[in-house]
Amino acid sequence: MIDLLLSIQSLETIYDRLYHAYGPQHWWPADTPFEVMVGAVLTQNTAWSNVDRAITNLKEAKCLAADDIILLPDKQLAELIRPSGYFNIKAKRLKNLCRWFVKQGGFKLLSKKKTDVLRLSLLDINGVGPETADDILLYAFSRPVFVIDIYTRRLLTRLGLITGTEDYETLRGNFEKTLTPDVQLFNEYHALIVRHAKEKCMQPDKCRHCVVEAPLVTSD
DNA sequence: ACCCAGGGTCATA
DNA sequence: TATGACCATGGG
């Protein structure tokens with residue numbers, strides 16, 4: 001038995017406070033599951049406003065489909081996604097993802113796979129790391145996977161629940177074992193953490209009325 | 001002018 | 001395994 005760092009009380013209190021403060025976030029901001037996958041790659045270390053422009057470009061060029069992206073020359077694809085930054089490397093990563101997607105038979109066949117198998121398959125793609133894979137699993141494939149990002153780390157560290165040096169799998173495992181594996185809960189939880197981060201509450205002296213500032217456990 | 005953003009890979013020690 | 005360099009646009 002692995003001893004858990006995170007208690008059910010703490011995680012539920014954080015969620016309740018975030019939800020009460022911000023309400024439902026309606027994630028992922030995309031029209032289709034495939035668009036979620038594309039957005040997951042494009043948003044790597046990049047503000048969403050920039051990703052939105054890139055996706056708009058792909059739509060206007062009628063290239064927001066795996067087959068189209070694969071056939072597009074690197075140079076042209078890079079030009080379309082230019083606003084999202086890192087456009088040369090992301091063009092290659094997008095193609096890697098699309099070739100994998102087509103080769104695996106698209107959503108029809110991929111949806112039959114078990115979550116852990118699908119996850120390993122995603123991680124095998126060059127350009128898809130843990131967070132991108134989990135974004136895709138949760139928001140495109142509706143699997144109960146908890147996404148860990150820099151904001152999650154900062155929040156838990158600030159609250160004194162973790163040291164911040166824990167590796168990705170440790171944190172993901174803790175969330176998934178502590179909370180009941182519910183797709184909608186995980187969907188909303190991660191979205192709320194990102195929403196909260198946009199309040200710029202995570203810098204020491206910029207937190208005015210931070211919704212998670214009060215002690216998590218009021219009684220011992 | 002500077003800092004950071006809804007990360008990941010690769011080379012080096 | 002653990003750092004550091006690198007990728008690059010756009011908003012504050």
Base, sugar-phosphate alone, or nothing: which one does I125(A) contact when heavy atoms must sit under 4.0 Å apart?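 Sugar-phosphate, backbone atoms only, no base.
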Expressed as a whole number of angstroms, how long is the span from K198(A):NZ to dC4(B):P?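 Rounded to the whole Å, the gap is 18 Å.
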Positional range of nucleotides in DNA chain C within the contact set of chain A, heavy-atom, under 4.0 Å: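 First and last nucleotides in contact are dC7(C) to dG11(C).
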OP1 or OP2 of dG6(B) less than 4.0 angstrom from a side-chain nitrogen or oxygen of R154(A), does that happen here?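 No, R154(A) has no side-chain N/O under 4.0 Å of OP1/OP2 on dG6(B).
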Do side-chain atoms of S84(A) reach the backbone of I81(A) as a donor and acceptor pair under 3.5 angstrom?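 Present.
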Please round to the nearest 0.5 Å and tell me the distance separating atom CZ of F101(A) and atom CG of L122(A).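 These two atoms lie 10.5 Å from each other.
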Go through the structure and list residues passing ring-ring contact (aromatic ring centres under 6.0 Å, His included) with F87(A), not counting sequence neighbours.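 Checked F87(A) against ring-ring contact (aromatic ring centres under 6.0 Å, His included); zero matches.
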In chain order, what residues pass the side chain to side chain donor-acceptor pair (under 3.5 Å) check against D74(A), with sequence neighbours excluded?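 With neighbours one apart ignored, the set is K95(A).
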Map V128(A) and V194(A) onto DNA chain B by nearest heavy atom, then report which one ends up closer to the 5' terminus.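 It is V194(A) whose nearest nucleotide is closer to the 5' end.
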Given a 3.5 Å cut-off on both pairing distances, which stems involving DNA chain B, each at least three consecutive Watson-Crick or G-U pairs, are present, if any?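 DNA chain B forms these stems: B:2-5 with C:9-12, B:7-13 with C:1-7.
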Taking atom C1' in both dC4(B) and dC7(C), what distance in whole Å separates the two?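 Roughly 15 Å separates the two C1' atoms.
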Quick check on contacts: within residues 82-100 of chain A, what sits under 4.0 Å from DNA chain C by heavy-atom distance?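 The stretch gives R82(A), P83(A), G85(A), Y86(A), F87(A), N88(A), I89(A) as the residues lying under 4.0 Å from the strand, ordered by number.
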Between the protein and nucleotides 10-13 of chain B, list the N/O to N/O atom pairs that are separated by less than 3.5 angstrom.
| residue | atom | partner | partner atom | Å |
| --- | --- | --- | --- | --- |
| dC10(B) | OP1 | N126(A) | ND2 | 3.0 |

